[in-house]
Amino acid sequence: MAELVVTMAIGPLVSMLKDKASSYLLDQYKVMEGMEEQHKILKRKLPVILDVITDVEEQAMAQREGAKAWLQELRTVAYGANEVFDEFKYEALRREAKKNGHYRKLGFDVIKLFPTHNRVAFHYIMSRKLCLILQSVEVLIAEMQVFGFKYQPLPSVSREWRQTDYVINDPKEIASKSREKDKVEVVGTLLRQANNADLAVVAIVGMGGLGKTTLAQLIYNEPGIQKHFQLLLWVCVSDTFDVNSIAKSIVEASPKKNDDTNKPPLERLQKLVSGQRYLLVLDDVWNREVHKWERLKGHLQHGGVGSVVLTTTRDKGVAEIMGADNHILRPLDDRFLKEIIEAGAFSSAEKKPVELVKMVDQIVDRCRGSPLAACALGSVLRTKTTVKEWKAIASRSSICTEETGILPILKLSYNDLPSHMKQCFAFCAVFPKDYKIDVAKLIQLWIANGFIPEHKEDSLETIGQLIFDELASRSFFLDIEKSKEDWEYYSRNTCKIHDLMHDIAMSVMEKECVAVTMELSEIEWLGDTARHLFLPREVTVGILSDSLEKSPAIQTLLCNNVVSGSLKHLSKYSSLHALKLCIGAESFPLKPKYLHHVRYLDLSYSDIKALPEDTSILYNLQTLDLSNCCYLELLPRQMKYMTSLRHLYTHGCRKLKSMPPELGKLTKLQTLTCFVAAAIGRDCSDVGELQHLNLRGQLELSQVDNVKEAEVANLGKKKDLRKLTLRWTSVCDSKVLDNFEPHDMLQVLIIYSYGGKCIGMLQNMVEIHLFHCARLQFLFRCGTSFTFPKLKVLTIEHLLDFERWCEINDRQGEQITFPLLEKLFIRHCGKLIALPEAPLLEEPCSGSNRWVCTPFSLLENLFIMYCGKMTTLPEAPLLQEPYSGGGYRVVRTAFPALKVLELEDLESFQKWGAAAEGEQILFPQLEKLSVRKCPKMIDLPEAPKLSVLEIVDGKQEIFHCVDRYLSSLTNLTLRLEHAETTSEAECTSIVPVYSKEKWNQKSPLTVMELGCCNSFFGPGALEPWDYFVHLEKLEIGRCDVLVHWPEKVFQSLESLRTLVITKCENLTGYAQAPLEPLASERRQHLRGLESLYLRDCPSLVEMFNVPASLKKMDIGGCIKLESIFGKQQGMSELVQGSSCSEAIMPAAVSELPSSPRNHFCPCLEYLRLFGCGSLQAVLSLPPSLKTLEIDGCNSIQVLSCQLGGFQKPEATTSRSRSPIMPEPRAATAPTAREHLLPPHLESLAILDCAGMLGGTLRLPAPLKGLRIIGNSGLTSLEYLSGEHSPSLEFLHLERCSTLASLPNEPQVYSSLWFLEIRGCPAIKKLPRCLQQQLGSIKEKRLDACYKATEFKPLKPKTWKGIPRLVRERRQACRS
């Protein structure tokens, strides 16, 4: 990456030291008693250094080596001095806790926890340290005078940023206009690869900051691209081109990612893309190592025809190595740069000063066509309000050079920051590139490291948020978004850092911040300068311990790996200020007496059961994150002495029994995500302890059954609380919320299992979620306002008594409106009859349209489920709409903005709204409609934009309503109620005859699921299947008229990838009228089919001619099916002969004709057969197979694999083998049946097939999983020898009565993690090599007779016993 010279962030470090030296705690508890003189001298001399720091940093930027060396030494001294004053502060906090009685609570443990608590010892140790610091400072001041460093006033920084909200200048809108030509050109290049069988690579090449990634995003989201490619993937590569990690990232980025996570990433990648026409975007590639790209490319080449890799890079050499078709990205046109700069420099609300507008062109010239530079400069200029300031920016000589391009501009953005902001941003170098950063946690890490200056008026968190907002406004952060955890309502803000900005942060921090990526060799150069360390999930405990040993002054350690081993160095890591660990053990491995300076401790998702009591001596701790510690039961009882605590995260700790006593003494506490209010007594806190705490953000109150009304009311009045969750353990009588009136700033209210009949004032809520409040009868009390001006989300679920929206009284004229409601979810409200009604207000608008105000004017998502008494939707206003055929028509619409509507199990629902004859109910924006189990529904509304329609258990009459959506639907699920078999005369088409001539374009449908839709099939079906040419998935269920394979239908479905047929009881499979005399020679249809599922078709005898493209076949419950690959010649003779002598089986298998029918499905990788009792005795398998499962198919006796492909086998061999499967050893007797398994098989399961697998089963080397249950013929298992070593991971043998021998090669069991052997009486003893592995197998289920043989190394009590043990071992081996 590019090297940058940027001002070092040392000034803030010295300022931090000055603040610590002046702390009032030091004087209050006299911790510097006897050192007052040195203390005074140090406080005088630190400002002297700060006076010249600006001059020194400027000289260092000018490459003056003396200034650089002086700054480096100052940095070292400042860090050491900060640690010394941290010890003074902790001693002061310790004395404060002792004064408040903490020592009495700790008892005799005090001596172990505070080995230096003696004041004399403390004074001796600390005075020496302070003298050393003072000497170093004096040397620096003497050198400062020698170098001639001078005082320079710090540049004044406008404080306007503290009062203004930031607006991120996103150039993408401008880029979509300015890069239109580039987008069209690249899109055309991608689409032209449609018939290219080779993997195509297209590279967008350009310098940093030109918008390569933005252009790639525009291309990726282009509708034509989304439609053309079957699979779209995006991966950010950045610095490290680690092939395995990239392959893993590609698989994880796919919505179709497979679940076999134990397999190598490259193998999973190949499986993912195999046969798929995909577009893979590799963003920000720097790799120049050809072999790495070729290795990745080798697995990407298995994609379908027309697959493309689109990459962005700054380096043409990278593109050449990848063999790419280059698209050179040119600088952005000046007029667009001008738009970006003006958007950043001037607020939209203010008038642009004419004299500054005239200067924009000068700034544009300096941007060199870079939108990122324009965005950065615009942000810098926003705080400059005079012509002089603008000229200073425009005239700087270093703003751009031919050599570095825009990097000096980005450096300028950094140098323009106030000193404390520089430190905050530079710290972000600890995170890897493209890392999603939790904003709140980032601010807490800033505070923990002392980067944020204290302010009397505002809290540290408020200042930290303002700093973040300012940095975001200057484009240092991007992709700022709010996200929620999958299973909770806990939300957080996240952000990322642009790569170039990350480069600047790295150049400032040099080796102080180390973000270890996949290249773990970086640990090797971790020196004593490292202060902040980030370790990924792949780092082991050993590497963690080694890295800590190499750098003794780590202040921040963020480890994403689960740690379950011994932390030998971490236990004594006294310099840590911030620590993130996920502990994989129930016990707590950390020793708090060595963590006195920790301010930030994140143990989220750990398996610990309790925090030790001595955790309460962490007097400096500000943030404690215990979220989602699902086994955590107890917190330290003396937590009240942790007086610095500001943030306590306990959400997701479902086993937490209570809160520590006197929690109200933690007066600095701002965040408490979950408070358990269950127990009452001296050893725990009740809700009253929260009364005087200024809690912010979100709070969950669980087990609140004993909480009083006044206590809940107090929580509702906390002005900084935004989200409140109240959770009762069970529904019981309660009036706690009858008069609940929360503060206007409370936005989200979530209530579980409340037992009252009503809730108080909720008018100012933005979100309301009510769950299992079984006795709640209505939401709104009489006399309250029925307008909810802020409400956007309303959820009511399992409100069994809920029957009306407001209390019944004399004021029945009141109506309820939700002017901003966007989402309404109603589920299990069995007494609810209707949605709220409201007056319909109409207002004129420009043109002929009118704006109509309904109760749900902005509603986009509506879900109503299990409400048996609801009959209709609210009344809609009557409108005249222009008709496509001319004139007007009358329509009604109560939901003008609705996009998603789901109705389920509504027994009485039958109308979409009140409408007279001839009036249509209109949903103008509806995109998805799902109607499940609504038996009285026989009609569908008008929805011109509908793309997804789902009807489950619907009336047969509703079939005729579907045609109105065919021009817009992409996904259709139509599962109608079962009816008697439709006669030929009753079969009708889904596309009405009168409209067929109007369809000039094919249907956009890609997914169609049909159940009990007899009108689609049968002799009288009129369906024009060629209309569904884009169909990719077809599912047919319970179709009585489907008797023969619908070959005419198959001919039309050119794009079909997945076919599912279930419960078609009359399907036999015989072709109605063969096109050719022989079934084997019939034309192959569905040439792109990849997955075939057949379930419960009891009459099915014959398969259709399956295509060669098939990858997955799953057949079950087809009891009459005779063959899965078409009729196989010679099978009937073989079955008859097998009863005479099993000795002819191997010869018969080897002599099977090698006709094409024996080589169906050359791409098949997965085959599952269950409950198919009529399948022929010999199952011929394709060599490509990787997974095979056979369950309850008792007729199959022999497994055969045709390894010769489509080639004619040589006459001199009885069977052919691939290199991975060499010829097995000759059997001693020819009486046993021999099976030939596919050479690449990885998983084999044979279940309840008693007559299969007689004799020896020889396993291919790639086999990882083996499961055999209920077999009576198998005698032994052996691995075939070959160039690949076998290595089982999963072995399950059960009820195999004749199995006596297992493989005895050590490598077979070296990777085994699951072992089950039960009910196999012939296995008298486990192989010795397996016995030795039993201790390392994670999960094992063995009969008692095998457990006794578990290998346990004997340990002699003395050295003299070793020879005896050796003799015993040798004798055991011989036996």
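Residues: numbered from 1 along the sequence shown.
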Is there side-chain contact between [X] and [Y], with heavy atoms separated by less than 4.5 Å?
| X | Y | answer |
| --- | --- | --- |
| Leu949 | Asn971 | no |
| Asp738 | Cys758 | yes |
| Leu1034 | Thr1058 | no |
| Thr671 | Leu648 | no |
| Cys732 | Arg775 | no |
| Lys718 | His743 | no |

Pairing of [X] and [Y] as salt bridge, 4.0 angstrom limit:
| X | Y | value |
| --- | --- | --- |
| Glu797 | Arg827 | yes |
| Arg964 | Glu942 | no |
| Asp625 | Arg492 | no |
| Lys928 | Glu902 | yes |
| Glu633 | Lys657 | yes |
| Glu1009 | Arg975 | yes |

Parallel, tilted or perpendicular: which fits the ring planes of [X] and [Y], with parallel below 30° and perpendicular above 60°?
| X | Y | answer |
| --- | --- | --- |
| Phe818 | Trp805 | perpendicular |
| Tyr754 | Trp728 | tilted |
| Phe909 | Trp912 | perpendicular |
| His651 | Tyr649 | perpendicular |

Would you find more than 12 non-hydrogen atoms of other residues, nucleotides or ligands less than 6.0 Å from Lys792 atom NZ?
-> no
Tell me, yes or no, whether the heavy-atom count around Glu1065 atom CD, taken from other residues, nucleotides or ligands under 6.0 Å, exceeds 12.
-> no
Apply the side chain to side chain contact (heavy atoms under 4.5 Å, CB included) test between Arg932 and each candidate in Asp953, Ile951, Val952; give the one that qualifies.
-> Val952
Exercise: identify the closest heavy-atom pair between [X] and [Y]:
| X | Y | value |
| --- | --- | --- |
| Ile796 | Cys829 | O-SG, 4.0 Å |
| Leu669 | Leu695 | O-CD2, 3.9 Å |
| Gln763 | Pro789 | O-CD, 3.5 Å |
| Leu770 | Leu799 | O-CD1, 3.8 Å |
| Thr795 | His769 | OG1-ND1, 3.1 Å |
| Ile750 | Lys723 | CD1-CD, 4.4 Å |

Side chains of [X] and [Y]: is there a donor and an acceptor less than 3.5 Å apart?
| X | Y | result |
| --- | --- | --- |
| Glu950 | Ser930 | yes |
| Lys945 | Gln925 | yes |
| Asp905 | Tyr866 | no |

From [atom1] ([X]) to [atom2] ([Y]), nearest 0.5 Å:
| X | Y | atom1 | atom2 | result |
| --- | --- | --- | --- | --- |
| Phe895 | Phe856 | CZ | CZ | 5.5 Å |
| Leu724 | Leu701 | CG | CG | 7.0 Å |
| Leu762 | Ile751 | CG | CD1 | 7.0 Å |
| Leu906 | Met870 | CG | CE | 7.5 Å |

Lys/Arg cation over aromatic Phe778: Arg804, 6.0 Å, 45° cone | no
With sequence neighbours excluded, what pairs up with Glu481 under the side chain to side chain donor-acceptor pair (under 3.5 Å) test?
-> Lys436
With sequence neighbours left out, write down each residue that passes salt bridge (Lys or Arg N to Asp or Glu O under 4.0 Å) with Asp705, or none if nothing qualifies.
-> none
Sub-3.5 Å donor-acceptor pair from the side chain of Thr1006 to the main-chain atoms of Leu1031, do we have one?
-> no
Side-chain donor or acceptor of Ser734 paired with backbone N/O of Gly756 under 3.5 Å = no
